[in-house]
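Here is the structure we will look at, set down as structure tokens.
Residue numbers begin at 1 in each chain, while the letters A, B, ... track the order of the sequences. The structure displayed is predicted, hence computed values, not measured ones.
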Amino acid sequence: MSEKLKRCLLLFLYTMRISAFTFGGGYVIVSLMKKQFVDKLGWLAEEEMLDYTALAQSSPGPIAVNAAILVGYRISGVPGVFTSIIGTILPPLVLLTAISFVYEAFIQIEAIRYLLLGMQAGVIAVICDVVCGLCRSIWREGRWIAIITAAAALILVAVFSVNVILIVLACALLGILLYGKEDRAK
Amino acid sequence: MIYLELFWSFFQIGLFSFGGGYAALPMIEKQVIDTHGWMTAAEFTDLITISQMTPGPIAVNSASFIGARMAGIPGALVATLGNIIPSCVIVMLLAWLYRKYSSLSVINGALRGLRPAVVGMIASAAVTMIGSSWFAETAASIGGVDVLAVALFAAAFVVLRKWKLSPILVMSGAGVLGLVGYVVLGAVR
């Protein structure tokens, strides 16, 4: 099997496995992708995954689908986009179609509720683990402005429910002012 | 033509919903309840519950579920396809632009400014989920704190940091332990 085809196939399997386990929104899938594609496989740099998160977040449509498109394109080009999209939407598509036929019974199952309560505790741990790793990178870089930005974004979103697109725009502008010239000099 | 209607409705939802699932909900509600009458408000509440019980983005879940109910499996396919096509076009263009221009000093500067904020936003997801997980009223609650959820979190976190176990394994393990724990506690208390 050619190397390209093998990568596409792996991409499909990984995105499908990740999608089948994303309970609880876009940031969960982004955290899982970071662990799989950055930490485990080394297919992406940490900075790229953060950039993709910002782009996925600021584009219309589900964050999980947007992130899958960006990661797929980076890893295998246009064929990668299609494999990772199919991998991402297949689990919910199949599951929800099946459930739609029996949903009155499904919604009554107490066991699923308990399973989910436990899984949610695990999901939070995964996000915290990823955040710890990312914080260490910021800390090592040792820029006060970056540490303040991260803390401010956390407080603005978690406490004040500020629209994330506003934060993305403000931080991009700040970045251009701070680093835009610096890099040009190099 | 139900297929076209499903496609077009979810295409609009995909195109105009920014910022993830909960931002898309009001739009989905408007399309499927007010505009088309595909569901009653009570059924829609059930759909949200089901979306929380299943993996995947809420918009894709809704598209598959409503599509399947209205027009079977082909309905689920066209609705889901409609929902993701705007993303495909717009985000693929962004991916291409990113590859081409991310080394430009202005873009690079903007991205460097953004990255720490993204870390804060991911952390905020954890904070929000902690609120609903640790302080839920369940069989394991003591004084308003779900002790089992906190314990499972702590165990999962230690296992992830120390032994670097696969996150999917850890989440499934927490799920199974939670299931056993809540059933046992529910029976005892």
Chain A contact via [X] - side chain, backbone, both or neither, heavy atoms under 4.5 Å:
| X | answer |
| --- | --- |
| B/T54 | both |
| B/P167 | both |
| B/R99 | side chain |
| B/T138 | side chain |
| B/I90 | side chain |
| B/T49 | side chain |

Sort out for me which of [options] touches chain B most, counting heavy-atom pairs under 4.5 Å.
| options | answer |
| --- | --- |
| A/I155, A/L115, A/I127 | A/L115 |
| A/F106, A/F101, A/Y103 | A/Y103 |
| A/I18, A/V28, A/L117, A/T88 | A/L117 |
| A/A98, A/A146, A/S31 | A/A146 |
| A/C128, A/G26, A/P91 | A/C128 |
| A/V157, A/I107, A/L70, A/V131 | A/I107 |

Region of [X] that comes under 4.5 Å of a non-hydrogen atom in chain B:
| X | result |
| --- | --- |
| A/V30 | side chain |
| A/V130 | neither |
| A/E141 | side chain |
| A/R74 | backbone |
| A/E48 | both |
| A/V168 | both |

For residues [X] and [Y], report the shortest heavy-atom separation together with the two atoms involved.
| X | Y | answer |
| --- | --- | --- |
| B/S87 | A/P62 | OG-CD, 4.0 Å |
| B/G113 | A/Y179 | N-CE1, 3.9 Å |
| B/F157 | A/C132 | CZ-SG, 3.7 Å |
| B/A76 | A/L93 | O-CD1, 3.8 Å |
| A/G118 | B/Y182 | N-CE1, 4.2 Å |
| A/M119 | B/M171 | CG-O, 3.4 Å |

Just how far is it from atom [atom1] of [X] to atom [atom2] of [Y], taken to the nearest 0.5 Å?
| X | Y | atom1 | atom2 | value |
| --- | --- | --- | --- | --- |
| A/I99 | B/F65 | CD1 | CZ | 8.0 Å |
| A/L96 | B/N61 | CG | CG | 4.0 Å |
| A/D51 | B/S102 | CG | OG | 7.5 Å |
| A/E47 | B/L111 | CD | CG | 10.5 Å |
| B/S132 | A/I124 | OG | CD1 | 6.5 Å |
| B/S124 | A/L156 | OG | CG | 10.0 Å |

Top of B/S64, B/G131, B/G186 for chain A proximity - count of heavy-atom pairs under 4.5 angstrom: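 Option with the top pair count is B/S64.
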
Sort out for me which of B/R69, B/Q52, B/M92, B/R161 touches chain A most, counting heavy-atom pairs under 4.5 Å.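 Answer, by heavy-atom pair count under 4.5 Å with chain A: B/R161.
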
Group every Ile, Leu, Val, Met, Phe, Trp and Tyr by side-chain heavy-atom contacts under 4.5 Å, then state whether B/V78 and B/I73 land in the same group.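 Shared cluster, no.
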
Would you say the ring centroid of A/Y73 lies under 6.0 angstrom from that of B/Y98?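 Ring centres of B/Y98 and A/Y73 not closer than 6.0 Å.
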
Which of these passes side chain to side chain contact (heavy atoms under 4.5 Å, CB included) with A/V65: B/I84, B/N83, B/V91?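 Between A/V65 and the candidates, side chain to side chain contact (heavy atoms under 4.5 Å, CB included) is satisfied uniquely by B/I84.
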
